[in-house]
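Just so we're clear, the structure is a prediction, and the values are computed from it rather than from any experiment.
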Amino acid sequence: MIESLLVANRGEIACRVFRTCRARGIATVAVHSDADAGALHVREADAAVRLPGAAPADTYLRGDLIVKAALAAGADAVHPGYGFLSENAEFARAVLDAGLVWVGPPPGAIEAMASKTRAKELMAAAGVPLLAPVDPATATGADLPLLLKAAAGGGGRGMRVVRELADLAAELRAASAEATSAFGDGEVFAEPYVERGRHVEVQILADAHGTVWALGTRDCSLQRRHQKVIEESPAPGLPDELCAVLREAAVAAARAVGYRGAGTVEFLLSPQGRPYFLEMNTRLQVEHPVTEEVFGLDLVALQLAVAEGAALPAEPSAAEGHAVEARLYAEDPAAGWAPQTGRLHALEVPGAVPVPGPVPGLGPVGAASAPRLRVDTGYSDGDTIGVHYDALLAKVIVWAPTRAEALRALRHALRRARVHGPGTNRELLVRSLGHPDVTDGRVDTGFYERHLDALTTPVPGERYAAVAAALAAAAARTTGDTLPARIGGWRNMAAPAQRKTYGEHEVRYRATRDGFVVEADERHEGHEGHEDDSGDDGDEVQVVAAGPHRVSLEIGGVVRHFDVRAYGDEIHVDTAAGAYRLIARPRFSESSHRTPPGSLLAPMPGTVVRLAPGLAEGAPVTAGQPLIWLEAMKMEHRVIAPASGTLTALHAAPGHQVEVGTLLAVVTDPDAPDAPDAQEESA
C-alpha cells in the first residue's frame with residue numbers, strides 16, 4: 001500500500017493528484033522550482049522539496065533531483081502527472097531502481113510509444129489504421145498539405161503545417177529546432193495533413209492481470225496551435241460502429257505494448273469518418289476529467305490502485321450523460337495567443353463542487369436533475385502567473401444529462417466566473433461554446449483558423465463598464481467615515497462635472513442630492529440602437545444605484561448590473577453580458593520616451609530562444625522576415641521585421657530573459673523613417 005506519494009510535477013495536475021491522495025489517506029510530497037516556491041501545489045502538500053532554479057531543464061526535468069527528493073521526504077511512490085518527465089522511460093526506471101512505486105506504465109511500454117515513428121510501426125503490426133508517412137526528401141506538390149511532427153513529446157511542440165513545397169525545408173529546420181529545445185530530440189517526420197479532421201481519443205486503463213478498459217471517446221478537435229482548448233465526452237455524432245472500432249483499436253494498442261495504468265490512444269478522423277492512429281500518450285491526459293464525469297470514476301485513484309497491484313473489474317461502470325471541459329488560459333487569442341503574466345487577483349467560478357467530480361467508491365455519478373460544475377486549478381487568489389510554465393489557469397468542467405445542457409451550463413459558468421488579473425481566453429471560450437458549428441457538433445481541428453477573427457471581436461458595451469467603474473470609485477469615496485461621507489452631498493451651487501478616463505473612454509458625471517447623473521459622451525450622441533444585449537455604447541444612461549462594488553444602470557430602458565473591483569489602476573467589471581478589464585488613466589498624462597521608428601519590442605515576457613541565421617547588426621532584412629524567436633509558457637512566438645531595411649541595432653541573444661516592451665532590435669527603413677513598430681505573430 002502506498003503511504004506517501006511525491007508528484008513529479010506542478011500546478012493543476014499536482015493539486016489534482018493531491019486531492020485524491022487526501023481522500024484516500026495518502027501523505028503528499030511536492031517538488032518546486034524557485035519560481036514556484038509559493039505556488040498552490042506547494043501550499044497544499046504535506047511536505048515540499050526545492051529544486052534549485054526556475055527553468056524546467058534545471059528543475060522539473062531533472063529526474064535525478066526528483067528521485068533524491070522522494071527519498072529525502074520519505075515518499076514510497078512517484079506520480080509523474082502530465083508533461084515534463086511523465087513519458088520518460090529512463091525516469092520511470094530510475095524511480096523503480098530507487099525502490100519506489102512508479103504510478104505509471106512499465107518503462108518498456110513508455111519507450112515503445114515514446115517515438116511516434118516506432119509507435120506507428122507497432123500499431124501497423126497490431127492492425128490499427130495509420131496515415132502513411134511521407135519522406136520529406138521526395139515529397140512533391142501532390143503530397144501537400146503536409147503535417148510535420150516531432151517524433152518525441154507532444155503538446156503541439158515541433159508541429160508545422162506545410163502548404164507550399166518551397167516552405168518545406170525551412171519549416172523542417174524550424175520544427176526540428178523547436179523539438180530539440182523542448183524534448184532534447186530533433187527528429188521530425190511528415191505525414192499527410194487531413195483538412196477539417198476531427199481529433200478523437202479513447203481513454204484506456206489496464207491492470208497487471210490482463211484487463212484493459214476502453215472508457216468511451218473524447219473529442220478534442222477545438223485546438224489552437226495544435227493544443228487543445230475545449231474537450232468533451234462522448235465525442236458527438238459518431239456512429240456506434242465507429243466507436244466500437246476506435247475502442248477495439250485502443251485496446252489492441254495497449255495489449256501490443258503490455259500496457260498498465262492510465263493512457264490515451266489518439267485518432268484523427270477524416271471528413272469521411274475514416275480513423276487513423278495518431279499516437280499513444282502513456283500518461284494521464286489534461287482532459288481526463290470529462291471521462292471521469294461520464295463514467296463516475298476517479299482515474300487518479302485507479303492509477304494508484306493499479307500501481308499497488310489491484311485488479312480491475314472485468315468491465316467499467318456504464319457511461320452516463322455528457323461532459324465538456326474548457327481550458328482557461330492566461331493568453332490573448334487576438335494577439336497570436338500571446339501568453340499573459342502578472343498577479344491573479346481573483347479566480348472564482350460560483351457553484352463549483354469542492355471535489356474533482358468522481359464520487360467515493362468509484363461508482364457511477366447517477367442521473368442528475370441539474371448540471372454538475374467542477375473546477376481543477378493550480379492557482380488561487382493572489383498568486384502570480386509567471387513566464388516559465390504553461391499558461392493554463394484552470395479547467396472548468398460541466399457534466400449534464402445531455403450535450404446541449406452541458407454546453408449551456410459551461411457557457412453560463414464561464415460567463416459568471418470572476419477572473420481578475422492578466423487577460424485570458426474566457427470570452428473566446430464563451431463564444432466558442434455558443435457557436436453554431438459547436439452546438440451542432442460540426443467541429444474539426446481547423447475551427448479557430450476559420451472563426452478566430454469573429455470570436456475575438458471586442459466585447460460590446462465597454463463604455464458602460466467604464467461608467468460603472470467611475471461611479472463605483474465615486475461611491476467608494478463617499479461611503480463610510482470619510483469627510484465627504486460625513487458632510488453629505490449638499491452644495492449651495494451645482495456640482496461641476498467630474499471626469500474619469502479608462503482607456504479610450506472618458507466618463508463625465510455629477511453628484512446631485514438625488515444621486516449621480518452621467519453626462520452624454522459627445523462621441524456617441526445621435527447614435528441609437530443595439531449591437532446585442534449590452535448595447536452599442538450609444539444609449540442614454542440613467543443611474544439606478546451606485547455602490548463601491550456594484551452599480552446598476554438603466555440603458556435603453558433595461559436595468560443592467562455591474563460588479564466592480566479595483567486593484568490600483570486595474571479595474572475589473574463583471575456583467576451578465578461579458579467581463580471587462582480597464583486601466584484607469586492618470587488625470588495628467590506624463591510624457592514618455594518615444595522608441596525609434598522600426599523598433600522591435602518584446603510583445604510578452606519570455607526567453608529569447610534563437611535568432612534568424614546570420615542575424616547581426618548591419619544585415620539586410622525584408623518586411624515580414626522572422627528575426628527573433630521568444631518562448632513563454634511553453635509556447636514559441638516569432639518577432640518579424642516591420643519593413644525592409646537594415647538591422648541597425650540588436651539587443652537580443654539566445655537565453656536572454658525579456659519583459660514586455662523590451663527593445664530587441666531596430667530595423668531602419670531608409671524609405672520610411674517613421675515605419676510602425678515591429679509586429680509579432682505566432683510561430
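Salt-bridge annotation for E506 and K500: absent, with no side-chain N of the basic residue lying under 4.0 Å from a carboxylate O of the acidic one. Between E231 and R218, none of the side-chain N atoms (NZ, or NE/NH1/NH2) sits under 4.0 Å from a carboxylate O, so this pair counts as no salt bridge. We find that E292 and R374 are joined by a salt bridge, their nearest charged nitrogen and carboxylate oxygen being less than 4.0 Å apart.
Between E659 and T662, the side chains place no donor N or O within less than 3.5 Å of an acceptor N or O (distance only, hydrogens not considered). Using a 3.5 Å distance cut-off with no hydrogens or angles, the side chains of E631 and T607 do not pair a donor with an acceptor. Inspection of the T445 and H199 side chains reveals no N or O donor paired with an N or O acceptor under 3.5 Å. Under 3.5 Å, the side chains of D36 and H388 contain no donor-acceptor pair of N or O atoms. Between the side chains of T575 and Y464, no donor-acceptor pair of N or O atoms lies under 3.5 Å. Judged by distance alone, the side chains of Y448 and S432 do bring a donor and an acceptor atom under 3.5 Å apart. Judged purely by distance below 3.5 Å, without hydrogens or angles, the side chains of D219 and S221 pair a donor atom with an acceptor atom.
Evaluation of the ring-ring contact (aromatic ring centres under 6.0 Å, His included) rule for Y379 yields no partner, not counting sequence neighbours. Among residues two or more places apart in sequence or in another chain, the salt bridge (charged side-chain N to carboxylate O under 4.0 Å, His left out) test is passed with R431 by E427. Scanning for ring-ring contact (aromatic ring centres under 6.0 Å, His included) contacts around H420 gives Y567, H572, with sequence neighbours left out. Residues forming a ring-ring contact (aromatic ring centres under 6.0 Å, His included) with H651 (at least two apart in sequence, or on another chain): none.
For the side chain to side chain contact (heavy atoms under 4.5 Å, CB included) with V324, the lone residue among V290, I230, V398 that qualifies is I230.
The neighbour count for E554 CD, taken as heavy atoms of other residues, nucleotides or ligands under 6.0 Å away, is above 12. Around CZ of R442, the count of heavy atoms belonging to other residues, nucleotides or ligands within 6.0 Å exceeds 12.
No donor-acceptor pair closer than 3.5 Å links the side chain of T384 to the backbone N or O of G386. Side chain of R10 to main chain of G378: no donor-acceptor pair is present (N/O by atom type, distance under 3.5 Å, no hydrogens or angles). Between the R415 side chain and the A577 main chain, a donor and an acceptor come within less than 3.5 Å of each other.
Residues in residues 446-460 take part in these salt bridge (charged side-chain N to carboxylate O under 4.0 Å, His left out) pairs, two or more places apart or across chains: D444-R450. Among pairs with a residue in residues 333-348, those fulfilling salt bridge (charged side-chain N to carboxylate O under 4.0 Å, His left out) read E348-R418, at least two apart in sequence or across chains.
Residue H637 comes nearest to G336 through the heavy atom pair CE1-O, 3.6 Å, listed as atom of the first residue, atom of the second, then distance. Considering all non-hydrogen atoms of both residues, P333 and E331 come closest at CD-O, 3.4 Å. The two residues L344 and I385 make their nearest non-hydrogen contact at CB-CD1, 4.2 Å.
To the nearest 0.5 angstrom, W399 atom CH2 is 6.0 Å from E320 atom CD. Rounding to the nearest 0.5 angstrom, the gap separating the CZ atom in R408 from the CG atom in L433 is 13.0 Å.
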Exercise for review: Walk me through it: do R19 and D376 pass the test salt bridge (charged side-chain N to carboxylate O under 4.0 Å, His left out)?
Suggested key: CA-CA 10 Å; R19 284 197 293 271; D376 287 8; 3.1 Å; yes
